Amino acid sequence: MTHQSQPSTTLSPPAPMTSMQRVLTALGQREPDRVPLFLFPVMQGARELGCSIQDYFARPEQVAEGQWRLRAKFGHDCLYNFHYAAIEIEAWGGTTLFRTDGPPNAGSPIVQDPEDIRRLSVPRIEDSPSLQRVLAATRLMAEQACGEVPIIGVVMSPFSLPVMQLGFEHYLILMHERRDLFERLMQLNERFCVDWANAQVEAGANAICYFDPVSSVTIVSRELFLATGREVARRTIAQLKAPAAMHFASGRILPRVPDLFDTGAAVIGVSSHEDLGALKRAAQGRLSLLGNLNGIEMRHWTPEQAESAVKTAIQAAGRGGGFILADNHGEIPWQVPDAVLMAIAHAVKRWGCYPLADDNTD
Amino acid sequence: MSSSSDALLQALLALNRVQAQELLAQARAEYSPLEVIEILIRPALEELGQLWEGGDCALSQIYMSGRICEELLEELFGEALSDDLPETDGPPRLGIAVLEDYHLLGKQIVRTVLRAAGYRVHDYGRQDVDTLLEQVRADGIEVLLISTLMLPAALRVRTLIERLREVAPGVRVVVGGAPYRFDDQLWREVGADAVGLSAGDILPILERLGVKP
Ligand code: B12
């Protein structure tokens, strides 16, 4: 940034940063004009446009328009191309089950018998109408954003995708008892993940959110993570053509933060179940933090509670940059009232301007 | 927690089946099957749940060790663990289901804990409100355990409980699953009698409700 080069006699305040400048400064472990806010309303675009969740995701123009309107409403610092996790499963030949009051889920596992993994082949991005819709939406967002608002693309990690490919129980057994088939599945999924992420980058995504909750402390032991999820992340993230955030979808990660330094991730998504200050210290300025407001609780927050949660998070992790305020899952539940999101957005403007309020008082 | 139960816990955390098997065999030489469950297995499973809630062990360990326990019990006691409900004059009848959600793992783990602790529980799998109500009534279930992973499903439990109160007011409902772990008011909001934050929690909850194996 160019703050130092401004003449010291100037009295007019510096022009506000664009969202892109704000985010890049924070990721560079420096303090921008204020704490960046990544609000992740995903399904809420359907409400804006007055259609059902299923219809909304069927048309890229709607998703791009929805993201744009939501940003105009809340003033947050990104556009988000995420549709729903199961959309990747559609590319693998699986189905998605929609409902009217929440996110869709993956239908029956595409791998019924682990031996089928030997015969599985990697879907091509260009052959999947579902993924093409996401790319079209991303291109539309990029046209509107003009480089001033970061567009966040999304992939499921090769290590977390199998929960939907096989079902959770079968996947846990595979991981522990069939390492040969597990490794083969990772090879396929890594290829797919890299292709899918880079297609999004080509369409205009500026960063990739790599969702990998199976690597969290909540789901696998450290020993298993080091032998599996971490290696997968290292190999995959190294091939991405944009910076990556590793997101644990509100799974815990604190004891494992140092294990993430060499995954290639620039950012980690952190849980409301953990102390944000402790996470910031553990990250040692080597990883930026994204989080950690509790989206499920937001459903019944008052504006005061929203403000207090924002203030607490900023106090714990805002200083020195390296922090983007967001929910802790990467998706705001359908049931959260807009008034709460508005209160969050206001609170960031009130408490998130640098230098932070408590920097002045101590 | 006794030292033998702690040894079992360590074996389970390490997923060391052989060692777990030896510990159970040693205990079996001294105690009856029910005592082995009471002294060794039950405290270990409860502790595993506590560790998970505190972020000190992983779901992979809970799931795999639950499987080990179930298998070993069948081996040791020479019979398949039964899912049949007890006679009507026996201990209260337990049912477990996933409500309008496609994620069965939480329910599966709770069921494993119950069986390894000597309970019989009727597994209804995935159900919607209407069919579950009907079956719970027909089977004379007295304590119903519900697992959900998605928030809309967790919220749907309210409808289930309201309807249940009308047709079978005596049934007690215990809920669990991720949404309840992120919102500590949610179980009361939906009208449940208790919530478990980990699978192991079900054992002290049943004890509080006066339900014995
Ligand atoms: C791993 C994970 C993923 C993985 C795998 C998910 C899966 N199982 O299919 C992936 C990356 C694929 C994923 C995707 C999604 N996820 Co996800 N994910 C998680 C995470 C980190 C763990 C979920 C899990 O399966 N845990 C294992 C189960 C067994 O744990 P559990 O339910 O807590 O059960 C334990 C206890 O609660 C207890 N218990 C459970 N039931 C019962 C019952 C009784 C009676 C008792 C006593 C105890 C008990 O025992 C169990 C063991 O101790 C959670 C967040 C978290 N920190 O938990 C989010 C979470 C479940 N995901 C969530 C969502 C929304 C999704 C998506 C719908 C996102 C999207 N829009 O696409 C998709 C759906 C995927 C699909 N299947 O189609 C939300 C759900 C709540 C909500 N907001 O609606 C969560 C809670 C995140 C959050 N904080 O909001 N996810």
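From a predicted model like this one, the values you see are computed outputs, not experimental measurements. Residue numbers begin at 1 in each chain, while the letters A, B, ... track the order of the sequences. For the numbers below, each heavy atom of this structure counts, side chains included, while hydrogens, waters and symmetry mates do not.
Using a 4.5 Å cut-off between heavy atoms, B/L104 makes no contact with chain A at all. With a 4.5 Å cut-off on non-hydrogen atoms, B/L186 touches chain A through its side chain but not through its backbone. Heavy atoms of B/I62 lying under 4.5 Å from chain A are absent altogether. Using a 4.5 Å cut-off between heavy atoms, A/L254 makes no contact with chain B at all.
Across all their heavy atoms, B/P152 and A/G102 have their closest contact at CG-CA, 3.9 Å. Nearest heavy-atom pair across A/P333 and B/L151 is CB-CD2, 3.8 Å.
B/P33 is linked by a side-chain contact (heavy atoms from CB on, under 4.5 Å) to B/R28, B/F77, counting only residues two or more places apart in sequence or in another chain.
At most 12 non-hydrogen atoms from other residues, nucleotides or ligands lie less than 6.0 angstrom from CG of B/L34.
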Considering distance alone, list the donor-acceptor pairs between chain B and chain A shorter than 3.5 Å.
from   : atom 1 : to     : atom 2 : distance (Å)
B/W52  : NE1    : A/T218 : O      : 3.0
B/E53  : O      : A/R252 : NH2    : 2.8
B/L59  : N      : A/T218 : O      : 2.9
B/L59  : N      : A/I219 : O      : 3.4
B/S60  : N      : A/I219 : O      : 2.8
B/S60  : OG     : A/I219 : O      : 3.4
B/S60  : OG     : A/S221 : N      : 3.4
B/Y63  : OH     : A/E169 : OE1    : 2.6
B/R181 : O      : A/H273 : NE2    : 3.1
B/F182 : O      : A/N294 : ND2    : 2.7
B/D183 : OD1    : A/H300 : NE2    : 3.2
B/D183 : OD2    : A/H300 : NE2    : 2.8
B/E189 : OE1    : A/R299 : NH2    : 2.7
B/E189 : OE2    : A/R299 : NH1    : 3.1
B/E189 : OE2    : A/R299 : NH2    : 3.1

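Heavy-atom pairs under 4.5 Å with chain A peak, among B/G54, B/A154, B/C57, B/A153, at B/G54.
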